[in-house]
A.B. asks: 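Following this message is one structure expressed as structure tokens.
For ligands, and for the atoms within them, numbers begin at 1 and follow the listed sequence. We're numbering straight along the sequence, starting at 1.
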Amino acid sequence: MAKKIKIETELEVFESISELPTSIQNLMNKAHEARENAYAPYSHFRVGATLLLDTGDIILGNNQENAAYPSGLCAERVAIYHAGAVYPTNQIIALAITARSLNKIITDPIPPCGACRQALVEYEVKQDADIETYFMGETGRIIKANSIKDLLPLIFNREYL
Ligand code: THU
């Protein structure tokens, strides 16, 4: 009989931004600001993502859509690739994500999509340190994962190459 393995993830839930550490409140507020500069004329779904670096710098990202739909890019990857390009040797400490739809009020915490999880985890492997990840909708609860790996078990990583 095949042996079973069980994968468990522990996440934290905060009822409001005021429960977060001050540096993360600031990071999330910057994500809200970045979100409003998203270029999302097709989905009307705006996402903002911010990264806190070990220097204290904050990198902004938002989703960038395209008339050729698959050519667009999610907010999280816009942010992480910018950090990788401009701060290649710095550590990324935390990530904040927020989403707002022009069609309805989003109260559910919006997690990064699967492709973004894979893109993000690459940088945890690269820097050999986890990235605390906080995500929310327009309002409502905030979920915290201690690591992208908690959102993406069985990552595909460089060791397999
Ligand atoms: N989007 C993100 O920016 N991040 C995600 O993790 C999920 C989806 C964007 C892509 C597209 O511009 C819009 O949200 C609707 O899918």
A.B. asks: Just so I know, are the side chains of R158 and K126 near enough to count as touching, which here means a heavy-atom distance under 4.5 Å?
C.D. replies: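 Yes, at least one pair of side-chain atoms sits under 4.5 Å.
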A.B. asks: Tabulated below should be the N or O atoms of ligand 1 paired with protein N or O atoms at under 3.5 Å; can you produce that?
C.D. replies:
from	atom 1	to	atom 2	distance (Å)
ligand 1	3 (O)	A75	N	2.9
ligand 1	4 (N)	E76	OE1	2.8
ligand 1	6 (O)	E76	OE1	3.4
ligand 1	6 (O)	E76	OE2	3.0
ligand 1	6 (O)	C113	N	2.9
ligand 1	12 (O)	N63	ND2	2.9
ligand 1	12 (O)	E65	OE2	2.5

A.B. asks: Do Y87 and D57 have side-chain heavy atoms sitting under 4.5 Å apart?
C.D. replies: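 The answer is yes; the side chains approach within 4.5 Å.
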A.B. asks: By ring-ring contact (aromatic ring centres under 6.0 Å, His included), which residues pair with F156, not counting sequence neighbours?
C.D. replies: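 With neighbours one apart ignored, the set is Y160.
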A.B. asks: Is a side-chain donor or acceptor of E65 paired with a backbone partner of S43 at a separation under 3.5 angstrom?
C.D. replies: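 Side chain of E65 to backbone of S43, a donor-acceptor pair under 3.5 Å: yes, one is there.
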A.B. asks: Less than 3.5 Å apart, which donor and acceptor atoms pair up between the side chains of residues 12-21 and the rest of the protein, not counting sequence neighbours?
C.D. replies:
from	atom 1	to	atom 2	distance (Å)
S16	OG	S18	N	3.2
S16	OG	S18	OG	2.7
E19	OE1	E15	N	3.1

A.B. asks: Tabulate below the donor-acceptor pairs under 3.5 Å that side-chain atoms of residues 91-107 make, not counting sequence neighbours, or state none.
C.D. replies:
from	atom 1	to	atom 2	distance (Å)
Q91	NE2	Q127	O	3.2
T98	OG1	H32	ND1	3.0
T98	OG1	R35	NH1	2.8
T98	OG1	G137	O	3.2
R100	NE	E36	OE2	2.9
R100	NH2	E36	OE1	2.7
S101	OG	N103	N	2.9

